[in-house]
Number of protein chains: 2
Amino acid sequence: MPKSGPSSHPAGLIEEIAEKIHARIISGDYKPGERLKQDLLAEEFGVSRTPIREALSKLDARGIVRLEMRRSATVSVPSPREVREMYQVRAELEGLAAELAAEWINDAKLRALEAAHEAFVKAATKLRAAKTARSRESALPKLSLDWIGTNEVFHQCIVEASGNSALARVLREVSAGYVRNLMLSSAAETNVLRMESNVASHAAILAAIREHDPARARAAMVGHIREGGDFVAAWFERRQVKS
Amino acid sequence: MPKSGPSSHPAGLIEEIAEKIHARIISGDYKPGERLKQDLLAEEFGVSRTPIREALSKLDARGIVRLEMRRSATVSVPSPREVREMYQVRAELEGLAAELAAEWINDAKLRALEAAHEAFVKAATKLRAAKTARSRESALPKLSLDWIGTNEVFHQCIVEASGNSALARVLREVSAGYVRNLMLSSAAETNVLRMESNVASHAAILAAIREHDPARARAAMVGHIREGGDFVAAWFERRQVKS
DNA sequence: AAGATCATTCTTGTATCCATAATGGGACTG
DNA sequence: CAGTCCCATTATGGATACAAGAATGATCTT
């Protein structure tokens, strides 16, 4: 497993708590508009209010909660429209990453990217087999996690290969965590078709980068992210009416 | 003066302190690699360590300081290369904003944008006059501030007109504050030529948006930001060898 | 009875405190 | 004399304490 990033590692309690709160928001435990009181969260997670505060601050920066002066943090689950907006931004940024990667990638990073792709294909294959087999006791959650993880590694490789550290930071800070949590929740409903489409997209992106074709790499990446955005937004719409 | 954004307003002490620390880093009071001890900062600003910590966390997210586990925050003044990287990201995001704005802007927002442009032209004219006159006691700092402010309003109008709130948030969070502080320091050295080029760029962007030409709006904006990035990076190089 | 006002309570923002991990210096040894 | 190991010092992360500003509810007035 590669280190999670080239940049600073608070790596600590705060980020962990932020992720947990985020997960609960996505899963619907905390409903939109609900007021998140620091005391309760502190008790919930068995820590004091201090790390809770910092976690909430991060979630505010990511647009997941709204933090106003002297008022409780309020859950701000995005509308499907906002999900689309976020993916539009992410598409732009990762498109840039792919373009730069196609231009500047070196042999070592290319090999790493190819390895990441292989791992992703393997994970997808296994997950697909498990899904079609419908075997009850198969470790489907674990396979889903693998799928998400290898997917993330692939994208991260490209960002790293772009050689633009500011880009890497922005993606980490404003979108990466969000996407991960969304995928964790929606992975269960991801069907075989979508998985195959994802594999194909990754292959196309990899090919464009290998052949140092920036324009094609960008286009492929933008399309890939948009596709994912459509799926997640749709899933979000369904979930919203359901709850 | 327009409100600083459509989104959440902690608007508080933390943000204020973050800006102050940032300004001191840019101005060179705190040198690259220097370790920022929370105690000292706390005394410096006459507050306790708690808000200092949160401010440092924000600065870490913005890439201005590096925050590692159980270690002091270290000043991380970007290399000219990193400045360029940051502007590349910003160009991408604001380019997207311009593209979307050209597509979706409505009459009210267009009028606001035109007003912002007029204010910018006016501020630029005054500043240019003051610079060429070289009158000693003229309120040159104030005029510089006006120039920076109106410039920011113009860009913000476009972002708002894009109708993509996620985009607005990302720009605010990761790049806007940075840019503002950089400009505050480098404005003094901005020459007349650059100011005129800036005015021309803004006019071109405005025209493209008015005529609903997304591709042209994006291209104009990307070029404009890149130009600014080159200038700031160059200024940064000069300053780095000087210190 | 409805609305407004004021007091109480609750929650956040900031300060202070304590435990733990890093740092730097000194002593000891090869 | 240099290198290394260990301990004291110091600074950070987290917990607790305190003050101040909202939200709420009760009471009084019209």
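If you're wondering where the values come from, they're calculated on a predicted model, not measured in any experiment. Sequence lines set the chain letters: A, B, ... in the order given, protein chains first and strands last, and positions in each chain run from 1.
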(request) Validate the cation-pi geometry between B:Arg239 and B:Phe236: distance from NZ or CZ to the six-membered ring centre under 6.0 Å, angle to the ring axis within 45°. (result)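 Yes, B:Arg239 sits over the ring of B:Phe236.
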(request) Check whether any side-chain N or O of A:Ser57 sits under 3.5 Å from a backbone N or O of A:Arg53 as a donor-acceptor pair, and report yes or no. (result) no
(message) Using only atom types and a distance under 3.5 Å, with no angle test, would you say the side chain of B:Thr150 pairs donor to acceptor with the backbone of B:Trp147?
(response) yes
(message) What I want to check is whether the side chains of B:Glu34 and B:Thr74 have a donor and an acceptor closer together than 3.5 Å.
(response)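 No.
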(message) I need a per-nucleotide contact map over nucleotides 5-17 of chain D, read 5' to 3'. Cutoff is protein heavy atoms under 4.0 Å; write B for the base, S for backbone only, - otherwise.
(response) ------SBBBBB-
(message) One pair to check against salt bridge (charged side-chain N to carboxylate O under 4.0 Å, His left out): A:Lys122 and A:Asp146. What are the steps and the verdict?
(response) CA-CA 10 Å; A:Lys122 201 166 289 182; A:Asp146 280 354; over 6 Å; no
(message) Using a strict threshold of under 4.0 Å (side-chain N to carboxylate O), is an ion pair present between B:Arg169 and A:Glu173?
(response)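 Salt bridge flag = no for B:Arg169 with A:Glu173.
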(request) Whenever both distances are under 3.5 Å in a Watson-Crick or G-U wobble pair, mark it; put DNA chain D into dot-bracket that way, with [ ] for crossing pairs and | when the partner is on another strand. (result) ||||||||||||||||||||||||||||||
(request) Take the angle between the ring planes of A:His202 and A:His155 and call it parallel below 30°, perpendicular above 60°, tilted in between. (result)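 Answer is perpendicular, since the angle exceeds 60°.
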